[in-house]
There are 2 protein chains.
Amino acid sequence: MARGFVTAEEVAKRAGVSRSAVSRTFTPGASVSQAVRRKVLKAARELGYRVNRLAQGLNNDRSNLIGVVGANLSTPFHAKQLDLLSIGLLRRGLQCLLLNAADARKDIAPLIELLFEFRAQAIIVLSGDPPESIVDQCIANGVRLILINQKIDRTDTSMVLSDDSRGADLAALRLIEARCKKVAVISSGSQTPAQVRRTTAFKQKMATAGVEVVAWSGGTTSYESGYQAGCELLVDEAIDGAFCVTDLLALGFLDAARTEMHRRVPADLSVVGFDDIPQAGWKSYELTTVAQSFSALTERVLEALEADEMETRLQVVPVAMVERKTARR
Amino acid sequence: MARGFVTAEEVAKRAGVSRSAVSRTFTPGASVSQAVRRKVLKAARELGYRVNRLAQGLNNDRSNLIGVVGANLSTPFHAKQLDLLSIGLLRRGLQCLLLNAADARKDIAPLIELLFEFRAQAIIVLSGDPPESIVDQCIANGVRLILINQKIDRTDTSMVLSDDSRGADLAALRLIEARCKKVAVISSGSQTPAQVRRTTAFKQKMATAGVEVVAWSGGTTSYESGYQAGCELLVDEAIDGAFCVTDLLALGFLDAARTEMHRRVPADLSVVGFDDIPQAGWKSYELTTVAQSFSALTERVLEALEADEMETRLQVVPVAMVERKTARR
DNA sequence: CAAAAAAATGCACACGTGCTCAATGCTTTA
DNA sequence: TAAAGCATTGAGCACGTGTGCATTTTTTTG
């Protein structure tokens, strides 16, 4: 057998029919007789014929490709999200063209431009915010743009995001319930919009409740940063509560508190996280945290993808407190 | 501006040149005068022109797409691997078409066939083993197939895998060094080839050393399975060592041992894992484990991708013991 | 300045597919 | 049986691009 793929032409020749017949056989709803269909399918099977989707896409200008751009994909949060998303896309007959932006936030602009070249039907941004000009190009080219946990001030873009401020409020209320007198709020140095929203909402709620808040931020959104935060903050013995805007930070913080700074949790210190990644439920942590609904998030994203018109631009997904063992009752 | 993308034709018209000139402007090494090039670039910029890669791929039969198929992508191990892989592909100018096989092992055959339709240049399989017939089709169509941590008995396929049996030996030696008298070996019920290799090599090594081994396997490759294994196995008080063929299992096992079964690690019980996922280094665990080199694995994969001929089919990546605190000295 | 060499340019084809349109064959109706 | 209706079929165009080939323009050489 010659190198390369079999074309519809060759199948047609072998089956003794026209190329049109082959095309019709593989096009649902087209008009072909049973006899011809059978001959074509037989020949196709023998030759190992596969429709060429590139040619298909070129023709009817539907590539079936959905661009997914993100960064830090090994982070439990993003990994979980990508996992569900890629399954959902496949289930709906869409293909997932994944572009990983290494780390820098500003890398995503060229990646989106690359997706234009592949005529992606839609682009899903997992993290990082696209510059204004890119958004313009998307609508100019008729490419749907969907941002996850990212809010920009435009009405022509779909955004799906968890209710960060509500979640931060829940966290605040929980720490107040734990009778904390002085609490820390920990975020990473990358200052993603989601983290900023959580931080400010938390501060505000605590301010109205008259609880003292110290803010810490630094490093990447990682276990290590949380650990570092714990080591630096907990030299202050007055701190008896902490809200980590990300579970990963919270787990690092917890370990620092227990191992390095000798705090008993939740007796001496109450800790609340955000995300509810799988590790938060592990026995060594049992972190009390604000859960994002991964499934609801991806469900909304897929809906936004299929909606004929972008009737609802902004989808806010509710969050829920999951009670475990790191906050005092 | 009209809906849809700008074509080279339109750019040519605006720049007052032929379409060929446009094509050549964007083809490195083609012959165009500076004057024309400038005019074309100007027009392209104004119109927002992007080369259509689908058409490009159709023409010269290089799609630039690399298919990546896998399952359980939110697992720390696979997530890390996918992260590095997607970055590496992008860096080499290749695009990553990701197909997530939900969970079933047998789902990957249709996914690979789907990749044929997109004329993927190569297919990287992260997990699950492709049936013989699929492999045949790959070589028939000139699609390079690369399996990670999967070994099949063929000489026409690239395989990149960690040195499982060596790793299992290291684990065995370490538990012998810890003076264990009766050890457990824990694997998941899915019985992936990698897990089988590790289990059998471990058993064999222990047998020659005259140490009693009990094998446990069940559930999925998850924290929960490890936890369950711990609860079930450790009712036997004689067990003083365990080799979990995956870190995820090991972490669950550890938590069960400490929390539920009240063992002191490593005083009463030595535990060794395999993989060295990020969580293994967290302070609550500090798992002694056999490290796979993620970077080396992906490096070999990318090399196999670019190699002109598949000169080296089988790449075995060395593993290394990382000493932490769950095995007695 | 003339001739030769080199560079630049446009035309036309190929890539593999879906779909329209006219033509053909088959079935139903009067 | 003839006419009319309908399902089936094949030819040909369009999609957007890269490139070989012949032609024209520019540069270099003697």
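Note on naming: letters A, B, ... go to the chains in the order of the sequence lines (proteins, then strands), and numbering restarts at 1 for each one.
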Worksheet item: What heavy-atom pair brings B/L58 and A/L54 nearest, and what distance separates the two atoms?
Response: N-CD1, 4.5 Å
Worksheet item: If every non-hydrogen atom of B/L302 is compared with every non-hydrogen atom of B/L89, which pair is closest and at what distance?
Response: CD2-CD2, 3.8 Å
Discussion item. Below 4.0 angstrom, which residues in residues 25-45 of chain A have at least one non-hydrogen atom near DNA chain D?
Written reply: A/S31, A/V32, A/S33, A/V36
Which whole-number value in Å describes the distance from [X] [atom1] to [N] [atom2]?
{"X": "B/F5", "N": "D/dA14", "atom1": "CZ", "atom2": "C1'", "value": "19 Å"}
{"X": "B/E10", "N": "D/dC15", "atom1": "CD", "atom2": "C1'", "value": "13 Å"}
{"X": "A/R53", "N": "C/dG18", "atom1": "CZ", "atom2": "C1'", "value": "14 Å"}
{"X": "A/L47", "N": "C/dG16", "atom1": "CG", "atom2": "C1'", "value": "15 Å"}
{"X": "A/E117", "N": "D/dG16", "atom1": "CD", "atom2": "C1'", "value": "13 Å"}

Between the protein and nucleotides 11-15 of chain C, which nitrogen or oxygen pairs come in under 3.5 angstrom?
unit_1, atom_1, unit_2, atom_2, d
C/dC11, N4, B/S20, OG, 2.9

Item to complete: May I ask you to evaluate whether B/S23 reaches the phosphate of D/dG18, defined as a side-chain N or O under 4.0 Å from OP1 or OP2?
Response: yes
Worksheet item: So A/Y49 and A/F5, ring pair (Phe, Tyr, Trp, His ring centres under 6.0 Å) or not? Walk me through it.
Response: CA-CA 7 Å; A/Y49 170 71; A/F5 284 87; 9.8 Å; no
Fill in: Gap separating the CD atom of A/Q292 from the CD1 atom of A/I148, nearest 0.5 angstrom
10.0 Å
Practice prompt. State whether A/R53 and B/E117 are salt-bridged, where the test is any N-O pair (Lys NZ or Arg NE/NH1/NH2 against Asp/Glu carboxylate O) under 4.0 Å.
Written response: yes
Discussion item. I'd like to check A/N52 versus B/R119 (side-chain heavy atoms, cut-off strictly below 4.5 Å). Are they in contact?
Written reply: yes
Worksheet entry | A/S86 side chain vs A/D83 backbone, donor-acceptor pair below 3.5 Å | yes
Worksheet item: So what does B/R50 touch, heavy atoms closer than 4.0 Å: a base, only the sugar-phosphate, or nothing?
Response: sugar-phosphate
